Amino acid sequence: MSDLPIVPTARYGVLDQEVAADDVSLAAERLRRQGYCVFDGGFSSAELRDISEAFERVQAAYVAAHGNQRLAAIDELNTIRALLLHGEAWFVRLASWPRLLSLIGQLIAGRFMLNQQNGVINPPGQGYNQGAWHRDLPYQHFVTSRPLAVNALFCLDSFRQDNGATFVVPGSHLQEAFPSESFLASEAVQVIAPAGSFLVLDAMTFHCGGVNRSERPRRAVNHVYSIPHIRQQIGLSVGLAGASGLTAEQRTLFGLGTEEPRTVAEYLERRSIR
Ligand SMILES: O=C(O)CCC(=O)C(=O)O
């Protein structure tokens, strides 16, 4: 006999119920209610290998360009900013992965933009800049009935207890303040996820990287998607201006051609061609 609890299905007094017609809607419901979910990206193992190799190439070039010591001095050695600006097509593809965007589209009504895409390395045996509790809209202490921003942490390696999988405080996107130490100690959850999945969070859910006790770095690619009113962490339009082969949807997602008008005349000109 199974030890699993049997969840009752009978109910009374219920007038309204959500419908989760498929795995994308179920993931969206999990995220809305709990502030996070694990979402299978649907990548093949060959694709995962390609992304991993592209990540290594960008990491090596990035550290060579900006200097190991300089990055370490400003606590940036374990982050690769704006991965998609470093000439590897996979990161443009990853940021506009249709299955992921279909989930983001269920969470943020109307138009949304890529606010940032950063490589994140949780190094073995030492702390790193994401190993402290934060929101991805940091310094904000309000709640909204719908997400203003959603982050999708792509697990390039499997996220396990031993290699410092991310911790979350379930439901913390619905409460203004950071929880008490006692609540944190008893309710924080470490999210285990296979390589190739996304840990998707309401950007207001408190989270942090765990301690990596393994022998290898645990790598991820963090994406933040937001309503268009929130400024990108690093403007992508200059870096992608010369990129060929972007679709109209990708251009909008990355904020190309949607920069704020610099003059009233420019604003009026845009209205007239809408
Ligand atoms: O590395 C992790 O597990 C967490 C990453 C993170 O918190 C972030 O990129 O905002």
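We count ligands from 1, going down the list as the structure has it; atoms in each ligand are counted the same way. The chain is numbered in sequence order, starting from 1. What you are looking at is a predicted structure, and each value in this text was computed from that prediction instead of being measured.
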Next on the checklist: If the condition is side-chain hydrogen bond (donor to acceptor under 3.5 Å, both in side chains), which residues does Arg219 pass it with, not counting sequence neighbours?
Outcome noted: Ser52, Asp157
Checklist entry - How many angstroms lie between CD in Glu56 and CD1 in Ile51, if you round to the nearest 0.5 Å? => result 12.5 Å
Tabulate distances under 3.5 Å between N/O atoms of ligand 1 and N/O atoms of the protein, writing both atom names on each line.
{"residue": "ligand 1", "atom": "1 (O)", "partner": "Tyr128", "partner atom": "OH", "Å": "2.6"}
{"residue": "ligand 1", "atom": "1 (O)", "partner": "Arg218", "partner atom": "NH2", "Å": "2.7"}
{"residue": "ligand 1", "atom": "3 (O)", "partner": "Tyr128", "partner atom": "OH", "Å": "3.4"}
{"residue": "ligand 1", "atom": "3 (O)", "partner": "Thr166", "partner atom": "OG1", "Å": "2.6"}
{"residue": "ligand 1", "atom": "3 (O)", "partner": "Arg218", "partner atom": "NH1", "Å": "3.0"}
{"residue": "ligand 1", "atom": "3 (O)", "partner": "Arg218", "partner atom": "NH2", "Å": "3.3"}
{"residue": "ligand 1", "atom": "7 (O)", "partner": "Gln130", "partner atom": "OE1", "Å": "3.3"}
{"residue": "ligand 1", "atom": "7 (O)", "partner": "His134", "partner atom": "NE2", "Å": "3.0"}
{"residue": "ligand 1", "atom": "7 (O)", "partner": "His207", "partner atom": "NE2", "Å": "3.0"}
{"residue": "ligand 1", "atom": "9 (O)", "partner": "Asn222", "partner atom": "ND2", "Å": "3.2"}
{"residue": "ligand 1", "atom": "10 (O)", "partner": "Gln130", "partner atom": "OE1", "Å": "3.2"}
{"residue": "ligand 1", "atom": "10 (O)", "partner": "His134", "partner atom": "NE2", "Å": "3.1"}
{"residue": "ligand 1", "atom": "10 (O)", "partner": "Asp136", "partner atom": "OD1", "Å": "3.0"}
{"residue": "ligand 1", "atom": "10 (O)", "partner": "Asp136", "partner atom": "OD2", "Å": "3.3"}
{"residue": "ligand 1", "atom": "10 (O)", "partner": "His207", "partner atom": "NE2", "Å": "3.3"}

Checklist entry - When the ring planes of Phe154 and Phe198 are compared, do they come out parallel, tilted or perpendicular, using 30° and 60° as the limits? => result tilted
Compile the donor-acceptor pairs under 3.5 Å between side chains in residues 102-115 and protein atoms, sequence neighbours left out, one pair per line.
{"residue": "Ser102", "atom": "OG", "partner": "Arg99", "partner atom": "O", "Å": "2.8"}
{"residue": "Asn115", "atom": "ND2", "partner": "Arg231", "partner atom": "O", "Å": "2.6"}

Next on the checklist: Looking only at the side chains, is there a donor atom on one of Asp136 and Asn222 sitting less than 3.5 Å from an acceptor on the other?
Outcome noted: yes
Side-chain donor-acceptor pairs under 3.5 Å in residues 66-76, sequence neighbours left out?
{"residue": "Glu76", "atom": "OE1", "partner": "Arg81", "partner atom": "NE", "Å": "2.9"}
{"residue": "Glu76", "atom": "OE1", "partner": "Arg81", "partner atom": "NH2", "Å": "3.4"}
{"residue": "Glu76", "atom": "OE2", "partner": "Arg81", "partner atom": "NH2", "Å": "2.8"}

